[in-house]
Amino acid sequence: MMPKEEVAIVLDFLPNGYPFDKTPSYKKNAIVQVLGKNQLVLLELVPKKGVTLQPNEEVYIGEGKRDKIHHITGRLDMDKLTATGSSVLKDVIKNVVHKHPEKFIEFFNKAQPLTTRMHQLELLPGVGKKHMWEIIDARDEKSFESFDDIKKRVKLMPDPEKAIIRRIVSELSGQEKHRLFAAGVANQEV
């Protein structure tokens with residue numbers, strides 16, 4: 001079982017709920033669209049009454065006492081993101097990858113074959129067999145320490161940080177069979 005999300009980053013705050021929702025306005029709840037900081041899962045939340053949130057704000061959604069969030073409604077498909085949520089998403093992912101690169105550097109150091117013909121590294125945009133072997137040869141000599149280290153030691157490697165970001169966006173959009181970074185949708189704890 002995957003660990004539950006503790007902290008989420010606000011993508012959009014809808015104080016009057018969704019505009020297309022036909023529920024009478026006095027029955028509507030405010031809605032918050034967020035990205036979980038660790039599992040990189042899109043979630044829909046209901047804030048506590050009177051709480052106002054801004055994009056890029058971090059909110060606690062763990063098991064303990066929540067200051068701003070009343071409850072988690074559930075997972076959110078990327079196509080249900082508002083225009084604001086969609087526009088903020090890539091920058092939020094970029095910040096998560098930039099502030100916590102160790103998880104993603106570790107991927108380059110520990111990625112394994114998926115099958116006899118496919119390696120996890122090949123799932124990154126711009127990484128084919130040639131780059132995969134260069135990465136494996138370089139990490140066998142010494143583990144990578146940063147994205148810059150990868151760029152220096154693997155010739156003509158596409159920007160690894162951007163490749164990770166593109167991969168996460170693609171996983172969230174549901175276009176990928178294999179999930180490397182974003183938690184899957186079915187049967188997983190939030």
Side-chain angles (χ1 to χ4, degrees), residues 1-107 123 125 147 161-190:
M1 183 165 57
M2 298 183 74
K4 292 185 175 189
E5 286 286 0
E6 294 280 317
V7 177
I9 303 166
V10 175
L11 301 173
D12 197 8
F13 172 65
L14 302 135
N16 300 314
Y18 292 111
F20 55 79
D21 186 357
K22 301 289 183 200
T23 305
S25 60
Y26 68 93
K27 288 185 175 179
K28 284 186 178 179
N29 287 324
I31 299 290
V32 186
Q33 295 182 333
V34 300
L35 178 70
K37 196 172 175 181
N38 291 323
Q39 302 298 320
L40 301 175
V41 61
L42 293 170
L43 298 170
E44 182 179 285
L45 314 176
V46 173
K48 289 186 174 179
K49 296 274 184 213
V51 169
T52 301
L53 299 165
Q54 296 293 320
N56 293 310
E57 185 175 345
E58 290 188 7
V59 292
Y60 176 74
I61 60 170
E63 293 289 323
K65 185 175 188 283
R66 300 174 184 156
D67 292 338
K68 297 179 179 177
I69 301 302
H70 187 269
H71 67 272
I72 299 169
T73 307
R75 291 180 184 254
L76 186 67
D77 289 335
M78 194 164 159
D79 60 353
K80 291 185 179 173
L81 282 177
T82 62
T84 302
S86 294
S87 67
V88 172
L89 178 63
K90 195 170 179 181
D91 286 334
V92 167
I93 293 170
K94 186 177 178 180
N95 285 337
V96 168
V97 172
H98 192 73
K99 288 181 181 175
H100 305 284
E102 59 281 345
K103 171 181 173 181
F104 306 102
I105 303 296
E106 184 179 304
F107 170 76
L123 299 178
F147 287 125
E161 191 171 354
K162 287 181 182 173
I164 296 279
I165 293 166
R166 286 178 48 206
R167 176 68 196 189
I168 292 169
V169 170
S170 183
E171 288 180 16
L172 289 173
S173 68
Q175 297 173 1
E176 301 296 339
K177 177 181 174 186
H178 300 284
R179 291 192 174 247
L180 301 173
F181 308 108
V185 174
N187 301 322
Q188 292 185 352
E189 294 287 323
V190 175

Can you establish whether the number of heavy atoms outside [X] located under 6.0 Å from its atom [atom1] is more than 12?
X	atom1	answer
Lys103	NZ	yes
Tyr26	OH	no
His100	NE2	yes
Lys90	NZ	no
Lys28	NZ	yes

Return yes if some donor-acceptor pair links the side-chain N/O of [X] with the main-chain N/O of [Y] below 3.5 Å, else return no.
X	Y	result
Glu5	Asn38	yes
Glu171	Lys177	no
Tyr18	Lys22	no
Glu57	Gln54	yes
Arg66	Ile61	yes
Glu44	Arg75	no
Asp77	Asp79	no
Ser86	Ala83	no

Roughly how far apart are [X] [atom1] and [Y] [atom2], rounded to 0.5 Å?
X	Y	atom1	atom2	result
Leu14	Asp21	CG	CG	11.0 Å
Leu123	Phe181	CG	CZ	9.0 Å
Ile164	His98	CD1	NE2	14.5 Å
Ser173	Ile168	OG	CD1	12.0 Å

- prompt: Can Val59 and Leu53 be said to form a side-chain contact (heavy atoms from CB on, under 4.5 Å), step by step?
  reply: CA-CA 9 Å; Val59 292; Leu53 299 165; 3.8 Å; yes
- prompt: Checking side-chain contact (heavy atoms from CB on, under 4.5 Å) for the pair Asn56/Val92: CA distance, chi angles, key distance, verdict?
  reply: CA-CA 7 Å; Asn56 293 310; Val92 167; 3.1 Å; yes
Mind checking whether [X] and [Y] have side chains closer than 4.5 Å, heavy atoms only?
X	Y	value
Leu42	Leu11	yes
Leu43	Leu76	no
Val34	Ile9	no
Met78	Val169	yes
Glu161	Arg166	no
Phe107	Leu180	yes
Lys94	Val96	no

Closest approach of [X] and [Y], non-hydrogen atoms and distance?
X	Y	answer
Leu35	Ile93	CD2-CG1, 3.8 Å
Glu176	Ser170	OE2-OG, 2.5 Å
Lys48	Asp67	CD-O, 3.5 Å
Pro47	Ala30	CD-O, 3.2 Å

field: Sub-6.0 Å ring centroid separation between Phe147 and Phe104
entry: no
Audit row: Gln33, Leu45, side-chain contact (heavy atoms from CB on, under 4.5 Å) steps and yes/no: CA-CA 6 Å; Gln33 295 182 333; Leu45 314 176; over 6 Å; no
task: Could you go through the side-chain contact (heavy atoms from CB on, under 4.5 Å) check for Leu81 and Asp12 one step at a time?
output: CA-CA 8 Å; Leu81 282 177; Asp12 197 8; over 6 Å; no
